[in-house]
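Notes follow the structure.
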Amino acid sequence: MTADFEKKVIVVLLRLPPGRVSTYGVLAQLAGYPRHARHVGRLLGQLPAGAQLPWFRVLGAGGKVSRPGTEQADWQRVLLEEDGVVLSSSGRVDLRRYGWPEEYFALG
DNA sequence: CTATTGACGGGGT
DNA sequence: CACCCCGCCAATA
């Protein structure tokens with residue numbers, strides 16, 4: 001992807017508050033690149049190990065952690081819990097409650 | 001150049 | 001909940 005895409009996605013991600021979560025699709029939209037949800041995912045996957053970004057606060061549109069069964073997914077759940085985010089027994093987050101920005105996850 | 005591949009999304013069964 | 005299908009679009013093969 002273009003450097004512009006990466007830059008804008010990162011800028012948005014840096015605004016994602018602790019204790020809140022967002023989705024690949026919403027991040028892409030906020031960055032000005034609608035329909036690029038998959039690319040946000042690829043970008044986060046390419047992040048260097050020590051990147052100081054709240055990548056763990058990004059979930060799929062269904063409120064679930066991506067790439068289930070991987071080390072990264074387990075680690076992500078730990079970081080979210082540490083963040084105060086509640087995960088259901090099936091590992092899903094209530095986006096109506098923790099979703100950010102709120103207006104993107106409001107009911108109705 | 002065509003084909004395949006995703007940290008995705010939405011709709012249907 | 002589980003699948004399946006199709007649209008999406010840049011990177012890779």
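Values below: all heavy atoms of this structure, side chains included; hydrogens, waters and symmetry mates excluded. The chains referred to below are lettered A, B, ... by the order of the sequence lines, with proteins before strands, and numbering in each begins at 1.
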With side chain to side chain contact (heavy atoms under 4.5 Å, CB included) as the test, would you mind laying out the steps for Phe105(A) and Val21(A) before giving the verdict?
CA-CA 10 Å; Phe105(A) 302 95; Val21(A) 300; over 6 Å; no

Can you give me the closest heavy-atom contact between Pro17(A) and Arg57(A), atom names plus distance?
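The answer is O-NE, 3.4 Å.
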
Heavy atoms only: give me the nearest Arg92(A)-Gly62(A) pair and the separation to one decimal.
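The pair with the smallest heavy-atom distance is CD-O, 3.0 Å.
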
Can you find a side chain N or O atom of Thr23(A) that sits less than 4.0 Å from OP1 or OP2 on dC8(B)?
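Thr23(A) to dC8(B) OP1/OP2: no side-chain N or O under 4.0 Å.
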
For residues 63-79 of chain A, which residues have at least one heavy atom under 4.0 Å from DNA chain C?
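Heavy-atom contacts with DNA chain C come from no residue of residues 63-79 of chain A; none.
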
Just to verify, which of Glu6(A), His36(A), Met1(A), Arg38(A) counts as forming a side-chain contact (heavy atoms from CB on, under 4.5 Å) with Leu43(A)?
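Testing Leu43(A) for a side-chain contact (heavy atoms from CB on, under 4.5 Å) against Glu6(A), His36(A), Met1(A), Arg38(A) leaves exactly one candidate, Glu6(A).
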
Chi angles and distances behind the side chain to side chain contact (heavy atoms under 4.5 Å, CB included) call for Val58(A), Ser22(A)
CA-CA 5 Å; Val58(A) 185; Ser22(A) 196; 5.6 Å; no

Would Val65(A) and Phe56(A) satisfy side chain to side chain contact (heavy atoms under 4.5 Å, CB included), going step by step from the backbone distance to the final call?
CA-CA 9 Å; Val65(A) 169; Phe56(A) 58 90; over 6 Å; no

Are Val11(A) and Leu13(A) linked, directly or through other ILVMFWY residues, by side chains that come within less than 4.5 angstrom of each other?
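No.
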
Between P of dG9(B) and OH of Tyr104(A), the distance in whole Å:
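Rounded to the whole Å, the gap is 14 Å.
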
Run the salt-bridge test on Arg77(A) and Asp74(A) with the 4.0 Å N-O cut-off and return the result as yes or no.
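Yes.
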
Each nucleotide N or O in nucleotides 7-13 of chain C that has a protein N or O under 3.5 Å away: list the pair and distance.
unit_1: dG7(C); atom_1: O6; unit_2: Arg38(A); atom_2: NH1; d: 3.4
unit_1: dC8(C); atom_1: N3; unit_2: Arg38(A); atom_2: NH1; d: 3.4
unit_1: dC9(C); atom_1: OP1; unit_2: Arg35(A); atom_2: NE; d: 2.8
unit_1: dC9(C); atom_1: O4'; unit_2: His39(A); atom_2: NE2; d: 3.4
unit_1: dC9(C); atom_1: O2; unit_2: His39(A); atom_2: NE2; d: 3.3
unit_1: dA10(C); atom_1: O4'; unit_2: His39(A); atom_2: ND1; d: 3.4
unit_1: dA10(C); atom_1: O3'; unit_2: Met1(A); atom_2: N; d: 3.2
unit_1: dA11(C); atom_1: OP1; unit_2: Met1(A); atom_2: N; d: 2.2

Base, sugar-phosphate alone, or nothing: which one does Gly60(A) contact when heavy atoms must sit under 4.0 Å apart?
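If one applies the 4.0 Å heavy-atom cut-off, Gly60(A) turns out to touch the sugar-phosphate alone, with no base involved.
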
